[in-house]
Novice: 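Below are the structure tokens for one structure; questions will follow.
Since the structure is predicted, the reported quantities are computational estimates derived from the model, not experimental observations. The sequence lines fix the lettering, A, B, ..., with proteins before strands; numbering per chain opens at 1.
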There are 2 protein chains.
Amino acid sequence: MDTKCDAGNWSVDAYLRGCASRTVLEALANKWTCLLIDALRHGPLRFGVLRRKLDGITQKSLTQTLRVMERDGIVIRTVYPTIPPRVEYELSDLGRSVAGLMEGVKRWSEEHVDEILTAREAYDLRAQEEPRPVPVA
Amino acid sequence: MDTKCDAGNWSVDAYLRGCASRTVLEALANKWTCLLIDALRHGPLRFGVLRRKLDGITQKSLTQTLRVMERDGIVIRTVYPTIPPRVEYELSDLGRSVAGLMEGVKRWSEEHVDEILTAREAYDLRAQEEPRPVPVA
DNA sequence: CGGTATCCGCTGCGATACTG
DNA sequence: CAGTATCGCAGCGGATACCG
């Protein structure tokens, strides 16, 4: 018997509410997590470098997100006992195994931003004029 | 001059706060969006089917998420004027172009759930015993 | 069936201040 | 430099009720 999901006989399936893989999906499906994994693809980076690279992130969000990723075994945190202090974050093997996917999501966003913006404008324009189609004839 | 980001001369880069591709990334980096795109990979599905498939989603969240995806041109909503009403959602070409990525994220979550759970246990155990390493010798 | 409308509790997140 | 601690508000998501 397994404990990844809470009901008796089942399969690992993120569609299921109780399945632990759902929590993994939730951890990945986060803009900061996605950008952090992508940012760390080419090697370790310091906290301050990450903060500047992820434009707009607060120190608190960065710390929190990195902590969750460290707990999940996605990143490795290394403290160098120097003055001033120096902390580096790098992807673990596990983290590297998902980095391609996260890079893909980021790149897709950048490559299709024009189509999305166009779709949004068209939708908003239609929403002004026509009322939204409602079920029932 | 372009309008995808708000500063003058720049590149499309989701790392930048003002860049429109950041909003696209935010739209994708959402557990329900990810699962919905994956669920619709093999063809149109009705609202009620989706609600049952995405275990734990509320009607409100499902409606909201689908609306955003429709606005972004990821899904197409079709109303059949029958009684009882019937509304189907399907991926657009744009949506299909990102479906592989979303399937990958879902599958990665399922395939690595064991490693993640083990990492979490180890982390939580360490957190009880050792105090967290702090910067500065 | 597939919504919309409303209320509402919780927490996620930003802002700020402080520390080893 | 890389955090931690605290406060306070906005917004999200759940619960419920109603509708075409």
Novice: Please determine if a side-chain N or O atom of A/R46 lies less than 4.0 Å away from the OP1 or OP2 oxygen of D/dA2.
Specialist: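 Result: yes.
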Novice: Between A/S21 and B/R107, is any side-chain donor less than 3.5 angstrom from a side-chain acceptor?
Specialist: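 A/S21 vs B/R107: no donor-acceptor pair found between side chains.
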Novice: Whole angstroms only, please: what is the CD1-C1' distance between B/I83 and D/dG20?
Specialist: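 Spelled out: CD1 on B/I83 to C1' on D/dG20 is 9 Å.
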Novice: Side-chain N or O of B/R77 versus OP1/OP2 of C/dG2: is the shortest distance under 4.0 Å?
Specialist: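 No, outside the criterion.
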Novice: B/I57 CD1 to D/dG14 P: how many Å, rounded?
Specialist: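 These atoms are roughly 8 Å apart.
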Novice: Could you say whether A/Q59 or A/W32 is positioned toward the 5' end of DNA chain C, judged by the nucleotide with the nearest heavy atom to each?
Specialist: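 Nearest-nucleotide comparison on DNA chain C picks A/W32.
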Novice: Could you check how far CZ of A/R86 sits from P of D/dA2, rounded to whole Å?
Specialist: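 Computing the A/R86:CZ to D/dA2:P distance gives 8 Å.
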Novice: Whole angstrom is fine here: how far is it from CZ in A/R17 over to P in D/dG13?
Specialist: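 Atom-to-atom, A/R17 to D/dG13, this comes out as 16 Å.
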Novice: Roughly how many Å is it from CG in B/L62 to C1' in C/dG3, rounded to a whole number?
Specialist: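 So the CG-C1' distance, B/L62 to C/dG3, works out to 11 Å.
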Novice: Please state whether the phosphate of C/dG14, meaning OP1 or OP2, lies under 4.0 angstrom from any side-chain nitrogen or oxygen of A/S61.
Specialist: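 Yes, within the criterion.
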Novice: If you check every side-chain atom of A/P85, which of C/dC1, D/dA2, C/dT4 has the closest atom?
Specialist: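 Selected nucleotide (nearest to the side chain): D/dA2.
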Novice: State whether a side-chain donor-acceptor pair under 3.5 Å links B/Y123 with A/D72.
Specialist: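 Distance-only check fails for B/Y123 and A/D72.
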Novice: Counting side-chain heavy atoms from CB outward, which of D/dC1, C/dT6, D/dT4 is closest to B/K60?
Specialist: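 Closest of the options to the side chain of B/K60: C/dT6.
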Novice: Looking at A/I116 and B/I74, what are the two nearest heavy atoms and their distance?
Specialist: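 Result for this residue pair: CD1-CD1, 4.1 Å.
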Novice: When the distance from NZ of B/K31 to P of C/dG12 is rounded to whole Å, what number comes out?
Specialist: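 The distance from NZ of B/K31 to P of C/dG12 comes to 11 Å, rounded to the nearest Å.
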Novice: Identify whether any heavy atom of B/R51 sits under 4.0 Å from a base atom; if not, whether one sits that close to sugar-phosphate; answer base, sugar-phosphate or nothing.
Specialist: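 Here B/R51 touches no strand at all.
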Novice: With a 4.0 Å cut-off on N to O distance, would you call A/D124 and B/R71 a salt bridge?
Specialist: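 Salt bridge flag = yes for B/R71 with A/D124.
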Novice: Taking atom P of D/dG13 as reference, at what distance in whole Å does atom CD of A/E26 sit?
Specialist: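 Computing the A/E26:CD to D/dG13:P distance gives 11 Å.
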Novice: Is the distance from OP1 or OP2 of C/dG14 to the nearest side-chain N or O of A/T58 less than 4.0 Å?
Specialist: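 So the side-chain polar atoms of A/T58 do come within 4.0 Å of the phosphate oxygens OP1 or OP2 of C/dG14, strictly under.
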Novice: Please report, rounded to the nearest Å, how far the P atom of C/dG2 is from the CD atom of B/E88.
Specialist: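 After rounding, the gap between these two atoms is 9 Å.
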Novice: Under 4.0 Å between a side-chain nitrogen and a carboxylate oxygen: does that hold for A/E88 and A/R46?
Specialist: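 Looking at A/R46 together with A/E88, the answer is no, because their closest N to O distance does not fall below 4.0 Å.
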Novice: Counting heavy atoms from C-beta on, name the nucleotide in D/dG13, C/dG2, D/dG3 closest to the side chain of A/R67.
Specialist: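 The answer is D/dG3, which lies nearest to the side chain.
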